[in-house]
Amino acid sequence: MNSIKRNPRSIARTLWHCLKLRCPACGEASIVQRPFNLKHHCTACGVIFKREEGFFVGAIMANVVATEIFVLLAYFACLLLDLDDRVMLTILFAIGIAFPIAFYHHSWSLWLAMDHLIEGLRREKTFRRWLEA
């Protein structure tokens with residue numbers, strides 16, 4: 001496990017890396033290998049992004065919660081604008097389909113950042129040996 005100092009500056013830096021889809025530990029390498037596919041580990045520092053089975057459930061949860069919040073905010077905006085029901089449902093349906101797809105990588109990044117801030121992300125053993133040499 002990595003030890004991380006949890007002060008407002010390090011938390012803000014980790015969240016900034018999250019927004020830029022960078023490694024939460026070092027901020028050097030991207031977490032994205034290609035669209036809808038994440039790297040197994042950071043190519044700069046060796047932190048593992050994909051760990052045990054089921055680790056991805058947290059990223060899915062983050063995506064679902066963010067989508068629900070965004071749809072709810074859009075619903076209230078539609079109510080304030082007094083839109084027709086059919087128009088409102090079309091807008092909400094489009095958001096419900098498009099937002100989770102657009103937010104996919106960011107939900108993974110957010111989940112990795114939270115995991116890093118709470119537990120610290122582990123490095124791959126080969127990187128650990130390389131760093132110690």
Side-chain angles (χ1 to χ4, degrees):
M1 298 268 182
N2 295 335
S3 62
I4 178 171
K5 294 180 182 175
R6 289 171 189 85
N7 60 46
R9 191 174 194 165
S10 67
I11 292 170
R13 185 175 37 250
T14 300
L15 294 177
W16 179 247
H17 294 163
C18 164
L19 286 174
K20 296 189 312 180
L21 300 176
R22 298 283 182 192
C23 171
C26 70
E28 296 296 320
S30 173
I31 67 167
V32 180
Q33 186 170 358
R34 60 182 182 267
F36 304 106
N37 196 339
L38 298 171
K39 294 178 181 175
H40 176 266
H41 63 276
C42 177
T43 53
C45 70
V47 165
I48 299 173
F49 298 145
K50 292 185 178 179
R51 297 194 327 213
E52 65 275 351
E53 269 311 301
F55 179 70
F56 62 90
V57 173
I60 292 171
M61 177 196 63
N63 203 341
V64 168
V65 169
T67 301
E68 290 172 349
I69 290 170
F70 198 71
V71 167
L72 189 62
L73 291 173
Y75 173 71
F76 288 133
C78 288
L79 288 178
L80 287 173
L81 296 172
D82 197 30
L83 295 177
D84 178 51
D85 289 346
R86 181 170 280 188
V87 172
M88 180 171 39
L89 287 175
T90 303
I91 290 169
L92 296 177
F93 180 77
I95 290 171
I97 296 296
F99 185 82
I101 294 170
F103 193 66
Y104 176 80
H105 291 118
H106 284 87
S107 65
W108 261 99
S109 185
L110 178 64
W111 182 245
L112 287 170
M114 291 299 116
D115 191 44
H116 179 63
L117 289 172
I118 293 168
E119 292 184 16
L121 295 172
R122 294 176 287 157
R123 295 187 192 279
E124 262 194 336
K125 291 177 185 173
T126 56
F127 268 85
R128 194 171 292 145
R129 278 189 240 122
W130 178 75
L131 289 172
E132 291 170 357

Review point. Quick check: are there more than 12 heavy atoms from other residues, nucleotides or ligands sitting under 6.0 Å from CZ of Phe99?
Key: yes
Point to revise | Heavy-atom side-chain contact between His40 and Ile48 under 4.5 Å | key: yes
Practice item. Find out if a path of hydrophobic residues (ILVMFWY) with successive side-chain heavy-atom gaps under 4.5 Å connects Leu112 to Val64. Key: yes
Check your understanding: In a check of side chain to side chain contact (heavy atoms under 4.5 Å, CB included) between Ser109 and each of Pro24, Cys18, Ser30, which one passes?
Key -> Cys18
Check your understanding: Quick one: CG on Asn63 to CG on Leu110, what's the gap to the nearest 0.5 Å?
Key -> 10.0 Å
Point to revise | Met114 with Ile11, same ILVMFWY side-chain cluster at under 4.5 Å | key: yes
**Study point:** Under 3.5 Å: donor-acceptor pair, side chain of Lys50, backbone of Leu38
**Key:** yes
Check your understanding: Do Ile69 and Met61 share a hydrophobic cluster, counting only Ile, Leu, Val, Met, Phe, Trp and Tyr and linking them when any side-chain heavy atoms are less than 4.5 Å apart?
Key -> yes
Check your understanding: Would you say the side chain of Phe103 lies within less than 4.5 Å of the side chain of Thr67, judging by non-hydrogen atoms?
Key -> no
Study note, to complete from the structure: Distance col, row Ile95:CD1 vs Phe70:CZ, nearest 0.5 angstrom, shows 5.5 Å
Exercise for review: Working to the nearest 0.5 Å, report the span between CE of Met88 and CZ of Arg86.
Suggested key: 12.5 Å
Revision key, fill the gap. When every non-hydrogen atom of Ala29 is compared with those of Thr43, the smallest separation belongs to CB-OG1, 3.4 Å
Practice item. Answer yes if Leu72 and Leu81 sit in the same cluster of Ile, Leu, Val, Met, Phe, Trp and Tyr residues linked by side chain heavy atoms under 4.5 Å apart, and no otherwise. Key: yes
Point to revise | Exceeds 12 heavy-atom contacts within 6.0 angstrom, atom OH of Tyr104 | key: yes
**Study point:** Linked, directly or transitively: Leu83 and Phe76 (ILVMFWY side chains, under 4.5 Å)
**Key:** yes
Point to revise | Short side-chain to backbone donor-acceptor contact, His106 and Leu19, under 3.5 Å | key: yes
Exercise for review: State, to 0.1 Å, how close Ile31 and Phe49 come at their nearest heavy-atom pair, and which atoms those are.
Suggested key: CG2-CZ, 3.7 Å
Point to revise | Side-chain (Trp111) to main-chain (Phe55) donor-acceptor, under 3.5 angstrom | key: yes
Check your understanding: If you round to the nearest 0.5 Å, how far is NZ of Lys20 from CG of Leu15?
Key -> 12.5 Å
Check your understanding: In Å and rounded to the nearest 0.5 Å, what is the SG to CD distance from Cys45 to Glu28?
Key -> 8.5 Å
Practice item. Kindly say whether Phe36 contributes a backbone atom to a donor-acceptor pair with the side chain of His105 at under 3.5 angstrom? Key: yes
Point to revise | Interatomic distance, Asn37 atom CG to Trp108 atom CH2 [nearest 0.5 angstrom] | key: 10.0 Å
Check your understanding: Are the side chains of Arg22 and Val32 in touch, meaning some heavy atoms are under 4.5 Å apart?
Key -> no
